[in-house]
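A quick write-up on the structure given underneath.
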Amino acid sequence: MKTISILGSTGSIGTQTLEVAEEQNDIKVAALAAGSNIELLEKQIRKFRPALAAVWNEEKAKELKEKVKDLNVRVVSGMDGLVEAATVEEAQIVVTAVVGMIGIRPTIAAIEAGKDIALANKETLVTAGHLIMPLAKEKGVQILPVDSEHSAIFQSLNGERKREISKILLTASGGPFRGRKREELKQIQVEDALKHPNWSMGRKITIDSATLVNKGLEMIEAKWLFDVDIDQIQVVVQPQSIIHSMVEFIDGGIIAQLGMPDMKLPIQYALFYPERRFLGGERVDFAKLGQITFEDPDIETFLGVPFAIDAAKKGGSMPTVFNAANERAVSKFLNRKVSFLEIYDIISECMNAHKVILNPNLEQILETEQKVYEFIESRW
Ligand code: NDP
Ligand code: MG
């Protein structure tokens, strides 16, 4: 029996994690946390019967408490509630599936409490990887990647030696606007950007996929997870999303993980690692697929990758600036306050204006985030 806690249970990764929990009959859910979607959260509580439920929004938490008063579940709210859900005694694994830097505190708290982490929340590792990875090592907890590329790399490294890695080939679909030039991106509407060719995901990561900021964040995520230099990570566009990433070793050999695009595989792999379990669904039919094609990313048009390389090289607080500027810019784009290309302008101006703090502690990371938000509010 595995006992888990899910932070962000009402989202894309959260609901798919609960599907895995339903299909496997030896997963127990100890805690669920969400932002404000109490309608779905109530259904999840009735089905999975966690002892604890956390809702970020205080008013919604009160409403939920009333709705589930017939059940034996404690409802908590705010950051304290989220941290409680991350550290609940019975949980062995915490699935971090909230979106954004809000995940930093609960992730650190979960590691301090000795929980293994099934990590989907990449923004946390991008901004605080230098704190999280050493802490996980010190506490002897595993950071198990849920992001499909990182799960593929993790699977490709099974039984291999880290020092024999030559480079990581991080695959990318290229997003819905692959092949277009800057001029053609001026008129992009929210609806166009929300149509991802291969994956169905939350709104923020779908926009990140369209700008290729997601791939940039994933480069920094990979740097921390696999302890490689940013220059050892090469993005390879492969529009079919069948190869989920690859590792090249010093002898030139390449090991890859392939499969149909389905997040339940990496979620299930993280929850049961190193065991593999049956997972239904379509299988890769190579003859039907016909071809898998490769190209370089267009880094002149889609600036997510060059921004990430720059942020990683400057290091310290710069990845926080890259990430926080993107979080706010995407939110403004989704609210139709800025255009698609202005997402890049906002990130670039924030990064240019920032003076790097080397090796920032948690308070400095959160302060940097606030300063970025203030800077953006004063200009856009
Ligand atoms: P969604 O937007 O679908 O879901 C986000 C979840 O976080 C929801 O449950 C939401 O609750 C909850 N949430 C938001 N803010 C808070 C808060 N302040 N406190 C508590 N809960 C909160 O996102 P995704 O599932 O797509 O992505 C989650 C993370 O996983 C992201 O970091 C993303 O980059 C990463 N990821 C996602 C993939 C995917 O396929 N979706 C693939 C790889 C990585 P509510 O519903 O109430 O708002
Ligand atoms: Mg990914």
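Predicted, not measured: the structure shown is a model, and the values here were computed from it. Numbering of ligands and ligand atoms starts at 1, following listing order. One-based numbering along the sequence shown.
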* **Gly14 near ligand 1 by a heavy-atom separation under 4.0 Å** => no

* Vertex the Mg ion (ligand 2), rays to OD1 in Asp147 and OE1 in Glu149 - rounded to 10° -> 100°

* Asked: Of all the heavy atoms in Lys122, does at least one lie under 4.0 Å from an atom in ligand 1?
  -> yes

* Please report which non-hydrogen protein atom sits nearest to atom 46 (O) of ligand 1, along with the residue it belongs to and the distance in Å to one decimal place. => Thr10 OG1, 2.6 Å

* May I ask you to identify, for Met201, whether its side chain, its backbone, both or neither come under 4.0 Å of ligand 1 on a heavy-atom basis? => both

* Just need the protein heavy atom nearest to atom 33 (C) of ligand 1, so name the residue and atom and give the distance. => Ile205 CD1, 3.9 Å

* Has Glu377 got more than 12 heavy atoms of other residues, nucleotides or ligands less than 6.0 Å from its CD? -> yes

* Structure fact -> Going by the 4.0 angstrom heavy-atom rule, the piece of Ala97 near ligand 1 is backbone

* Structure fact -> atom 21 (N) of ligand 1: of Gly11, Ser200, Ala34, Ser151, the nearest heavy atom sits on Ala34

* Structure fact -> min-distance protein heavy atom vs atom 25 (O) of ligand 1 -> Ile13 N, 2.9 Å

* Around atom 41 (N) of ligand 1, find the nearest protein heavy atom and jot down its residue, atom name and distance. => Ser12 OG, 3.1 Å

* Can you tell me if NZ on Lys65 sees more than 12 non-hydrogen neighbours from other groups inside 6.0 Å? -> no

* Protein contact to atom 26 (O) of ligand 1 [nearest heavy atom, distance to 0.1 Å] -> Gly202 N, 2.9 Å

* To do: Evaluate whether atom CD of Gln187 has more than 12 neighbouring non-hydrogen atoms of other residues, nucleotides or ligands under 6.0 angstrom away.
  => no

* Close N or O approach (Asn37, ligand 1; < 3.5 Å) -> yes

* How close does the nearest protein non-hydrogen atom get to atom 29 (C) of ligand 1, and which residue and atom is it? -> Val98 O, 3.4 Å

